[in-house]
Amino acid sequence: MTQRFLAIGECMLELSPAGEGLLATGFAGDTFNTAWYLRKLAPEAVDVAYFSAIGDDAPSREMAGFMRQSGITPELIERKGGHIGLYMISLKNGERSFSYWRDTSAAKTLADDLTTLPVADGDTIYFSGITLAILAPKARERLLGVISVARSQGVRVVFDTNLRPRLWASHDAMRAGTMEGASVADIVLPSFEDEADIFGDLDKAATAARYHGAGCTTVIVKDGPASVLVSTPKGQTEIQPQTVADVVDTTAAGDSFNAGFLAEHYAGQSLEAAVEAGCKVSAKVIGKRGALVAL
Ligand code: ADP
């Protein structure tokens, strides 16, 4: 098992409807959600850590406190006068919609002066397409360079492509940035629907082939309720997720899948067993409301 799992990205303050004009607060964000679920699933001995930048205000401090309370080691750069990003969930006729205020968040500066990451031989770095999308081009290059150096020193790298067109300057920039992310990763965890949309992949095998072409050895292509493709240079298999009769909220389906997959994979199980574990975790998560649910 890996000694340290370091997720890199943006965790935000979440505001969600709590009845009669009230809002409940929480903290969430794609890479953070994976760290949070992994903390629940991995053995105590694994240090699950979160790398980002925050401000020096009360919400920033509360977020760091929430990480600690959740058993996650905060690796947070503090920016004087900065603040964390925010999103709000609105409910209309049972449908959820999301509004974001993250353009000026401290997390966007997480790689501005980065020279090294707090990882060593045998550890794992986890990042996503959202991690890359929020950074300015130079900072993105810097982060990928530092990840690449860590990888050459024995750190394993896992990348969820998490394609979010609204966060990128253009579709071309998103496609180029995503492929660069995959080029420094050992494991890529894309979701087929988005990949087909953005890259025009005709099937999951095409998605896998494209990421293998970028230099990544293991590609796990998720596809909502449809089968998950496991692709390595040795061959491909498909695993069918269990049927979930009552899908309540698919928020964090992919993030929690990744945590279930990684916990099992790093415990030494086969890729197939790890995918089955990922499916089981996400089946529980989509049966309840919210990004972070009790398993
Ligand atoms: P993302 O949230 O990244 O778009 P997916 O929608 O592909 O990820 O889902 C990730 C995993 O969550 C799937 O591989 C599957 O195990 C589970 N999942 C998602 N939607 C459903 C569903 N409707 N029924 C059953 N399982 C689902």
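Counting starts at 1 for both ligands and their atoms, following the listed order.
Contacts between I286 and ligand 1 below 4.0 angstrom, taking non-hydrogen atoms only, involve the side chain exclusively. Residue contacts with ligand 1 for C279 involve both N, CA, C or O and side-chain atoms from C-beta outward (heavy atoms, distance under 4.0 Å).
Residue, atom and distance of the protein heavy atom nearest to atom 25 (C) of ligand 1 are V244 CG2, 3.6 Å. Scanning the protein heavy atoms around atom 2 (O) of ligand 1, the nearest turns out to be G254 N, 2.9 Å. Closest protein heavy atom to atom 24 (N) of ligand 1: P225 CB, 3.6 Å. Closest to atom 17 (C) of ligand 1 among all protein heavy atoms lies S282 OG, 3.3 Å. Among all protein heavy atoms, the one lying closest to atom 14 (O) of ligand 1 is V228 CG2, 3.6 Å.
Not a single heavy atom of E193 sits under 4.0 Å from any atom of ligand 1. Heavy-atom separations between A283 and ligand 1 are all 4.0 Å or longer.
Between F98 and Y87, the angle of the ring planes lies from 30° to 60°, which puts this pair in the tilted group. Relative ring orientation between F32 and F66 is described as tilted, the plane-to-plane angle lying within the 30° to 60° band.
No side-chain N or O of S282 forms a donor-acceptor pair with one of K222 less than 3.5 Å apart. With no hydrogens or angles considered, no side-chain donor-acceptor pair links D172 and S170 at under 3.5 Å.
Ion pairing between a basic and an acidic side chain is recognised when a charged N comes within 4.0 Å of a carboxylate O; R4 and E75 show such pairing. Between R140 and E180 no salt bridge is recorded (no basic side-chain N to carboxylate O distance below 4.0 Å).
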Apply side-chain hydrogen bond (donor to acceptor under 3.5 Å, both in side chains) to S70 and R39, showing your working.
-> CA-CA 8 Å; S70 308; R39 180 61 289 163; over 6 Å; no
Full working for side-chain contact (heavy atoms from CB on, under 4.5 Å) between K40 and V281 | CA-CA 11 Å; K40 306 270 169 220; V281 175; over 6 Å; no
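For ligand 1, the polar-atom distance check against G278 finds no nitrogen or oxygen pair separated by under 3.5 Å. Checked against a 3.5 angstrom limit, the closest N/O atoms of S191 and ligand 1 fall inside it. Checked against a 3.5 angstrom limit, the closest N/O atoms of G224 and ligand 1 fall inside it. For ligand 1, none of its N or O atoms has an N or O atom of Q242 under 3.5 Å away.
Here CG of L143 is found 8.0 Å from CZ of F51. Values are rounded to the nearest 0.5 Å.
Listed by number with element, the atoms of ligand 1 under 4.0 Å from a non-hydrogen atom of D223 are 7 (O).
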